[in-house]
Amino acid sequence: MRTRPLKVALLGCGVVGSEVARIMTTHADDLAARIGAPVELAGVAVRRPSRVRAGIDPALVTTDATALVKRGDIDVVVEVIGGIEPARALITTAFEHGASVVSANKALLAQDGAALHAAANQACKDLYYEAAVAGAIPLIRPLRESLAGDKINRVMGIVNGTTNFILDKMDTTGAGYQEALDEATALGYAEADPTADVEGFDAAAKAAILAGIAFHSRVRLDDVYREGMTEVTAADFASAKNMGCTIKLLAICERAADGGSVTARVHPAMIPLTHPLASVRGAYNAVFVESDAAGQLMFYGPGAGGAPTASAVLGDLVAVCRNRLAGATGPGESAYAALPVSPMGEVVTRYHISLDVADKPGVLAQVATVFAEHGVSIDTVRQQGKDGEASLVVVTHRASDASLTGTVEALRNLDTVRGVASIMRVEGE
């Protein structure tokens with residue numbers, strides 16, 4: 001074993017960073033044995049140096065992150081500060097000064113992953129980011145290494161624990177959205193401002209990363225269709241149960257049937273109770289992968305939290321340190337396929353549409369005619385009426401998003417249709 005330690009700079013010492021530092025200290029001997037050399041925490045960059053950080057030598061703490069990554073003796077920079085800047089500048093500076101990088105920064109990787117990979121490649125350094133998607137769940141490495149010889153056709157999953165907790169509460173207790181959100185906030189699952197989670201921004205960034213790796217193509221955050229879950233109601237769950245389904249906020253990345261393009265999207269969807277993702281409860285994450293040779297695989301576990309995310313960070317740290325000792329680098333960006341990202345209008349799936357209509361003869365015929373005129377085939381119809389008003393639920397066969405949009409616009413123009421109560425995609429069949 002080499003006795004000279006590999007030096008690690010830690011950028012950020014919040015919930016995740018403090019756990020990274022703790023594990024590096026408490027598991028130092030094991031990490032050294034696994035790597036082949038000891039690892040030393042050489043510096044910790046923070047914004048508020050006066051804050052007490054248990055187990056961390058105050059002499060290691062600095063507010064000058066740029067000076068830390070420029071030192072020249074740093075082997076690996078661990079970035080867990082998040083956001084776009086200064087993280088982007090710090091990572092590129094680290095490469096320029098001879099360090100490899102381990103990051104948990106999903107937003108930055110989804111926006112500028114190609115540029116960061118190019119910087120790492122130019123410097124002959126590693127860029128690893130297992131912790132950027134699904135917390136402790138090993139997912140990035142299986143996709144870009146274990147399944148590198150296979151053809152991945154679809155990646156579909158629950159990649160945000162906050163939203164899954166909320167939807168699970170609505171499903172199992174009958175709570176409304178706000179009530180479930182309040183409970184998630186009280187338990188610490190939701191931030192004071194939950195927008196990034198409930199509006200799908202967090203999941204969309206993860207979908208961009210997953211799609212890029214799975215399909216060997218560059219997929220940016222702007223390429224991902226995003227729809228939040230704030231409009232999901234108890235009535236939607238009642239309709240889902242009538243179909244033998246539940247509702248999840250899903251990140252879906254899939255290859256087109258002809259193989260010529262890909263799509264990436266995030267939105268609420270009904271999935272059958274028989275699908276493995278339907279049983280994912282609480283704040284847990286799970287990702288379902290479909291490939292030609294391996295078939296169907298599912299990755300499941302805690303998707304957030306200090307210790308689980310730190311576990312993924314430390315896994316990357318071990319891999320990068322091993323590469324460092326061997327004088328090699330691990331897999332970088334694979335974008336050779338360069339498949340275009342199709343717009344949401346071309347996505348084909350099933351739909352569940354709930355309409356408020358007049359309770360009188362001929363309404364169903366009018367609605368069916370509109371669907372037929374737009375080339376959307378109906379699978380099932382359920383109608384309930386009382387006192388001159390009725391609820392009409394239509395479940396379609398597979399149709400494109402564009403054709404369904406045209407259908408709904410035409411339905412709104414019917415005198416007998418009082419309104420469109422809800423529209424939800426049906427996935428996982």
Side-chain angles (χ1 to χ4, degrees), residues 166-168 170-180 200 225 227-250 252 265-275 277-278 344-429:
I166 293 170
L167 291 174
D168 185 39
M170 293 176 70
D171 183 26
T172 57
T173 70
Y177 166 76
Q178 189 60 51
E179 182 182 353
Y225 172 83
E227 184 180 320
M229 48 160 279
T230 57
E231 300 302 316
V232 176
T233 66
D236 291 325
F237 274 101
S239 294
K241 287 180 179 179
N242 285 333
M243 289 179 58
C245 293
T246 188
I247 299 172
K248 299 291 186 182
L249 184 74
L250 298 178
I252 303 172
R265 50 198 167 100
V266 170
H267 54 71
M270 294 182 181
I271 59 172
L273 294 175
T274 53
H275 194 282
L277 291 176
M344 187 63 187
E346 296 179 14
V347 171
V348 175
T349 188
R350 296 179 68 204
Y351 290 87
H352 176 282
I353 305 103
S354 180
L355 305 172
D356 295 326
V357 299
D359 186 17
K360 62 182 184 180
V363 173
L364 180 56
Q366 287 183 329
V367 169
T369 298
V370 169
F371 276 89
E373 289 174 345
H374 288 81
V376 178
S377 176
I378 294 176
D379 182 17
T380 62
V381 177
R382 186 175 71 255
Q383 183 173 359
Q384 292 180 324
K386 184 179 181 182
D387 298 330
E389 299 295 328
S391 173
L392 185 65
V393 175
V394 178
V395 180
T396 74
H397 287 290
R398 291 175 65 82
S400 72
D401 189 82
S403 64
L404 196 282
T405 298
T407 302
V408 172
E409 289 176 355
L411 288 171
R412 287 192 170 106
N413 291 327
L414 293 178
D415 292 338
T416 52
V417 174
R418 310 296 193 222
V420 179
S422 69
I423 304 171
M424 192 167 294
R425 296 168 184 87
V426 182
E427 301 284 350
E429 295 184 296

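We use all heavy atoms of the structure for the numbers below, so side chains are in, but hydrogens, waters and symmetry mates are not. Each residue takes its place number in the sequence, starting with 1.
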The criterion is side-chain contact (heavy atoms from CB on, under 4.5 Å); which residues satisfy it with [X], sequence neighbours excluded?
{"X": "Thr274", "result": "Pro272"}
{"X": "Asn242", "result": "Arg382"}
{"X": "Ile378", "result": "Ala368, Phe371, Val381, Val394"}

Can you tell if the side chain of [X] reaches within under 4.5 Å of the side chain of [Y], non-hydrogen atoms only?
{"X": "Val426", "Y": "Met243", "value": "yes"}
{"X": "Val417", "Y": "Gln366", "value": "no"}
{"X": "Thr416", "Y": "Val357", "value": "no"}
{"X": "Cys245", "Y": "Ile271", "value": "no"}

Point-to-point distance, once rounded to the nearest 0.5 Å, from [atom1] of [X] to [atom2] of [Y]:
{"X": "His397", "Y": "Thr349", "atom1": "NE2", "atom2": "OG1", "answer": "13.0 Å"}
{"X": "Asp171", "Y": "Leu273", "atom1": "CG", "atom2": "CG", "answer": "7.5 Å"}
{"X": "Arg350", "Y": "Ser377", "atom1": "CZ", "atom2": "OG", "answer": "10.0 Å"}
{"X": "Met229", "Y": "Ile166", "atom1": "CE", "atom2": "CD1", "answer": "4.5 Å"}
{"X": "Met344", "Y": "Ser400", "atom1": "CE", "atom2": "OG", "answer": "10.0 Å"}
{"X": "Met270", "Y": "Asp236", "atom1": "CE", "atom2": "CG", "answer": "6.0 Å"}

What closest approach, in Å, do [X] and [Y] show between heavy atoms, and which atom pair accounts for it?
{"X": "Ala410", "Y": "His374", "value": "CB-CE1, 3.5 Å"}
{"X": "Leu249", "Y": "Leu167", "value": "N-CD1, 3.3 Å"}
{"X": "Val376", "Y": "Ala399", "value": "CG1-CB, 4.0 Å"}

Quick one: ring pair (Phe, Tyr, Trp, His ring centres under 6.0 Å) partners of His267, sequence neighbours excluded?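 With sequence neighbours excluded, His267 shows a ring pair (Phe, Tyr, Trp, His ring centres under 6.0 Å) to no residue whatsoever.
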side-chain hydrogen bond (donor to acceptor under 3.5 Å, both in side chains) partner of Tyr351, the single match among Thr407, Thr396, Asp401, Asp379: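 Filter result, single survivor: Asp401.
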With side-chain contact (heavy atoms from CB on, under 4.5 Å) as the criterion, how do Ile423 and Leu404 come out once you've worked through the C-alpha distance, each side chain's angles and the decisive distance to 0.1 Å? CA-CA 10 Å; Ile423 304 171; Leu404 196 282; 4.0 Å; yes
Enumerate, atom names and distances included, each donor-acceptor pair closer than 3.5 Å involving a side-chain atom of residues 172-180, sequence neighbours excluded.
{"unit_1": "Thr172", "atom_1": "OG1", "unit_2": "Asp168", "atom_2": "O", "d": "2.8"}
{"unit_1": "Thr173", "atom_1": "OG1", "unit_2": "Lys169", "atom_2": "O", "d": "2.5"}
{"unit_1": "Thr173", "atom_1": "OG1", "unit_2": "Ala175", "atom_2": "N", "d": "3.3"}
{"unit_1": "Gln178", "atom_1": "NE2", "unit_2": "Asp182", "atom_2": "OD1", "d": "2.9"}

Residues forming a side chain to side chain donor-acceptor pair (under 3.5 Å) with Asp356, sequence neighbours excluded: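 Testing Asp356 for side chain to side chain donor-acceptor pair (under 3.5 Å), a comparison that skips the adjacent residues, returns none.
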side-chain contact (heavy atoms from CB on, under 4.5 Å) evaluation trace for Met424 with Ile247: CA-CA 9 Å; Met424 192 167 294; Ile247 299 172; 3.7 Å; yes
